[in-house]
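Note: hydrogens, waters and symmetry copies are ignored here, and every other heavy atom, side chains too, is used. Residue numbers start from 1 in every chain, and the chains themselves are labelled A, B, ... in the order their sequence lines are given, proteins ahead of strands.
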Amino acid sequence: MASSMLSLGSTSLLPREVNKDKLKLGTSGSNPFLKAKSFSRVTMTVAVKPSRFEGITMAPPDPILGVSEAFKADTNELKLNLGVGAYRTEELQPYVLNVVKKAENLMLERGDNKEYLPIEGLAAFNKATAELLFGAGHPVIKEQKVATIQGLSGTGSLRLAAALIERYFPGAKVLISAPTWGNHKNIFNDAKVPWSEYRYYDPKTIGLDFEGMIADIKEAPEGSFILLHGCAHNPTGIDPTPEQWVKIADVIQEKNHIPFFDVAYQGFASGSLDEDAASVRLFADRGMEFFVAQSYSKNLGLYAERIGAINVVCSSADAATRVKSQLKRIARPMYSNPPVHGARIVANVVGDAAMFGEWKAEMEMMAGRIKTVRQKLYDSLVSKDKSGKDWSFILKQIGMFSFTGLNKAQSDNMTNKWHVYMTKDGRISLAGLSLAKCEYLADAIIDSYHNVS
Amino acid sequence: MAMAMTIRNAASRRAMNPISADFSLRSMSSWWKNVEPAPKDPILGVTEAFLADPSPDKVNVGVGAYRDDNGKPVVLECVREAERRIAGSSFMEYLPMGGSVKMVEETLKLAYGDDSEFIKDKRIAAVQALSGTGACRLFADFQKRFCPGSQIYIPVPTWSNHHNIWRDADVPQKTYHYYHPETKGLNFSGLMDDVKNAPEGSFFLLHACAHNPTGVDPTDEQWREISQLFKAKKHFAFFDMAYQGFASGDPARDAKSIRIFLEDGHHIGISQSYAKNMGLYGQRVGCLSVLCEDEKQAVTVKSQLQQLARPMYSNPPLHGAQIVSTILGDPELKSLWLKEVKIMADRIIGMRTTLRESLEKLGSPLSWEHVTKQIGMFCYSGLTPKQVDRLTSEYHIYMTRNGRISMAGVTTGNVGYLANAIHEVTKSS
């Protein structure tokens, strides 16, 4: 290195430049190249100006993903991870669906290549996912009114839609439920789409504040986007009834709003893919234009492969074509084209009648286990808690999560005293609960609820 | 507003009879009236057009995806073996936001060196990213957030998506001279002038090796001079390294520019991709790294990179990362990979020679020296858009309109046809 620096000394440009800038290399003022031999890495580090990243502070831990990290660090054997929404078996092990393993083996045998997907993703996947959501015979599918592109699971699909909103509806607001999945606001913030909340969760009933929800949607400026959870609301587990969905659709149409569904749990809520799509299909039946983001993280257990889709239901095939082209234009500078592996798995599973049937069975099993666990938790709470508190909300809620009604201090007690890891909003993931642990959890909840304020 | 009235009336009708919903809305204008069809992507659009062409003679030398001598996509043997090993894995949980730790560790070794002191000292903030695109985009967003007044200097020409990336990240762009059309080589003095004239502390995008689209790389000596000037100007060097191993056939050799900058004490950023060198195109696996002052700062910067990734895709996909760490973590597989990369690079170098010789044999009036001087997947042929259009319409040869030929698409089977076609459209120039 010393010799190469000395040889550069003969280049007319550099020593003059260096002296002009008074770059302090070694001792001040002298020819830096004479000091070359004494250059150690340490000297150069000290001499180079302070990092331009000096002012950067540590980002806060993610409130959801950070929980798992804290859980991992806990050495207590009673610990229970009810943080992130990832399905666990009764033995509290992660679960790769049999049908997924089958699909992967098929893919391995076939020796599929690894070429780039088109920007919009795998065509077979896009077709399958839209049909799964709306039903293959639905007019919006038959009339090609849906712009579908493969996205990076739910997050990525939401982000594409948010970017489209920012670009084509500048100033328009998105209304998100209070509460909602923590990452929703990050997505809209980073996409620079303003948002506000509509009332949703009623702590008094540990149920839906339907009046508040309708009032807030009504009050929003005309043409706002309304973010709705298709089923199995995250984090509360509280879904509108079918009658309430009709009223929600009414008020959205009345105010000329655009519905924006986040469907992360199709099949996982009731166990039935069709039943869980009812809210979305209601809106599609009405001929409305709207967005739907989908994810296969939970229902096919494909968390890590980041597979989902953004669907934009338009009033014409022409509009759908144009919208699709603009979604592609947003995706290209984000990641060029989406990852192929998860898309192929979904396409294979949905495209084969036998595998599709197997999938439905496995999903019923997963949703069934959660329902069983809900029941056991409820029974444990009722038998152990003598205060007469109504715990039935546990049974009324649906999907992976339960909103316990515990506040932050109480949730902290769950963690600090009982080593039960959950998010600070009082959300527990029942997918991480086994029948065997229900009684322990009931004890923890009862203690936190009654003895901590 | 007329639209609102129509909708309100329609809504009340619908509430009473949901089934008749769609009829009243057929006449409603769409929310998407003002959405124009987006222009076709200049690179990916070429493949779309190629696929739609029914001609049996068609040749695709558009997108930079490696083909074997039969023109077929290749899945590396080391990749197949890695997949066999991970098949039936019981792990499909979310990766951390920063991706696979193992994959990132191995990837940093490739760029910074197996024994890099920066790795030992934990001074590198690194996250798994969605291939090279995703790594560049994360960096662009990071630059925007933490150096908000800054601009990015981009070479002319560059991969077209670079412009899209920094634009969507809202970072203003400037350009610097790079390609010299007269010599079909590097405009070194133009480059150095632009580096000198840029305001102190500017951000520069550099292609570490195998420049896309020109195939023109600085020599080691030139890199050293660039590095020195960067030091004097306190510029930030961001390297896009999408072709490590693919340029010369030797990954260590291809990382030389980066190593020069590291030796000179720069705190650089790097985007790495496994799309080409491991043939993992569709898996979207890559890495973004930023060399920091110390471990503490690296932890901080990494936390902020994760913060940017979370609202974009939460965490990166697993499969490709597993393939990479399986291969690089196993000495036998890694050595197989290195062999296979060399084979790919050698085939391209061979095709360059053959193409040049064929053109010279045809008696072309032009010099085709640049075909063998340039390096990597692409040859910047010097063909004009008009000539490219003729190649497509008359000969069914598909390439991007800047005259970039993906040498990876050239085979012993089509090189003669290609040379002939190029000769035909250029012989009168």
How are the rings of F146(B) and F142(B) set to each other: parallel, tilted or perpendicular (split at 30° and 60°)?
tilted
At a heavy-atom separation under 4.5 Å, does R84(B) approach chain A through its side chain, its backbone, both, or neither?
both
Can you tell me which portion of S68(A) sits under 4.5 Å from chain B's heavy atoms? Options are side chain, backbone, both or neither.
neither
Contacting moiety of Q306(B), where chain A heavy atoms sit under 4.5 Å
neither
Side chain, backbone, both or neither: which part of I323(B) has a heavy atom under 4.5 Å from chain A?
side chain
What part of K328(A) is in contact with chain B, defined as an atom under 4.5 angstrom from a non-hydrogen atom: side chain, backbone, both or neither?
side chain
Looking at chain B, which one of S153(A), S297(A), A249(A) has the largest number of heavy-atom pairs inside 4.5 Å, strictly under?
S297(A)
Got a sec: does the NZ of K255(A) have more than 12 other heavy atoms crowding it under 6.0 Å?
yes
Could you give the distance from NZ (K302(B)) to SG (C292(B)), rounded to the nearest 0.5 Å?
11.5 Å
Need one label for V312(A): side chain, backbone, both or neither, based on atoms under 4.5 Å from any heavy atom in chain B.
side chain
Side-chain touch P317(B)/Q283(B), heavy atoms, less than 4.5 angstrom:
no
Which answer fits K144(B), side chain, backbone, both or neither, if we ask what part of it has an atom under 4.5 Å from a heavy atom of chain A?
neither
Using a strict threshold of under 4.0 Å (side-chain N to carboxylate O), is an ion pair present between K72(A) and E93(B)?
no
Between R110(A) and D112(A), is there a side-chain N and carboxylate O pair less than 4.0 Å apart?
yes
Contacting moiety of S131(B), where chain A heavy atoms sit under 4.5 Å:
neither
Taking side chain as everything from C-beta outward and backbone as N, CA, C, O, which of these in L164(A) sits under 4.5 Å from a heavy atom of chain B? Side chain, backbone, both or neither.
side chain
Quick one: which of A86(A), P338(A), A162(A) has the most heavy-atom pairs under 4.5 Å with chain B, could you say?
P338(A)
Looking only at M92(B), R145(B), Q304(B), most heavy-atom pairs under 4.5 Å shared with chain A are made by M92(B)
Options P118(A), A191(A), S157(A), G111(A), ranked by heavy-atom pairs under 4.5 Å with chain B, top entry:
G111(A)
Considering only heavy atoms and a distance below 4.5 Å, find which of N183(A), I187(A), N186(A) pairs most often with chain B.
N183(A)
So does K247(A) pair up with E254(A), basic N to acidic O under 4.0 Å?
no
Can you label the angle between the Y303(A) ring and the Y94(B) ring as parallel, tilted or perpendicular, going by 30° and 60°?
perpendicular
Assert top hit (heavy-atom pairs under 4.5 Å, partner chain B, pool M334(A), E104(A), K101(A)) equals M334(A)
Side-chain ion pair, D318(A) and R322(A), N-O less than 4.0 Å:
yes
Using non-hydrogen atoms only, which part of D168(B) is less than 4.5 Å away from chain A: side chain, backbone, both, or neither?
side chain
Check each atom of N105(A) against the heavy atoms of chain B and say whether the ones under 4.5 Å are side chain, backbone, both or neither.
side chain
By a 4.5 Å heavy-atom criterion (distance strictly below it), what part of L302(A) contacts chain B: side chain, backbone, both, or neither?
both
Taking the side chain as every heavy atom from C-beta outward, state whether H341(A) and L318(B) have any atom pair closer than 4.5 Å.
no
Taking the basic N atoms (NZ, or NE/NH1/NH2) and the acidic carboxylate oxygens, is any pair closer than 4.0 Å for R259(B) and E263(B)?
no
Measure V299(B) against the heavy atoms of chain A and call it side chain, backbone, both or neither at under 4.5 Å.
both
Relative to chain B, which segment of R344(A) carries a heavy atom at a distance below 4.5 Å: side chain, backbone, both, or neither?
neither
Pick from M107(A), E305(A), R167(A), R329(A) with the largest number of heavy-atom pairs that fall under 4.5 Å of chain B
E305(A)
Would you say the side chain of D285(A) lies within less than 4.5 Å of the side chain of H138(A), judging by non-hydrogen atoms?
yes
Please classify the contact of V340(A) with chain B as side chain, backbone, both or neither, using a heavy-atom distance under 4.5 Å.
both
How about D264(B) and R224(B): do any of their side-chain heavy atoms sit closer than 4.5 Å?
no
In terms of heavy-atom pairs under 4.5 Å with chain A, which of V79(B), N161(B), I165(B), V75(B) leads?
N161(B)
Here the pair of heavy atoms bringing A275(B) nearest to Y116(A) is CB-OH, 3.7 Å
For P96(B), is it the side chain, the backbone, both, or neither that has a heavy atom closer than 4.5 Å to a heavy atom of chain A?
neither
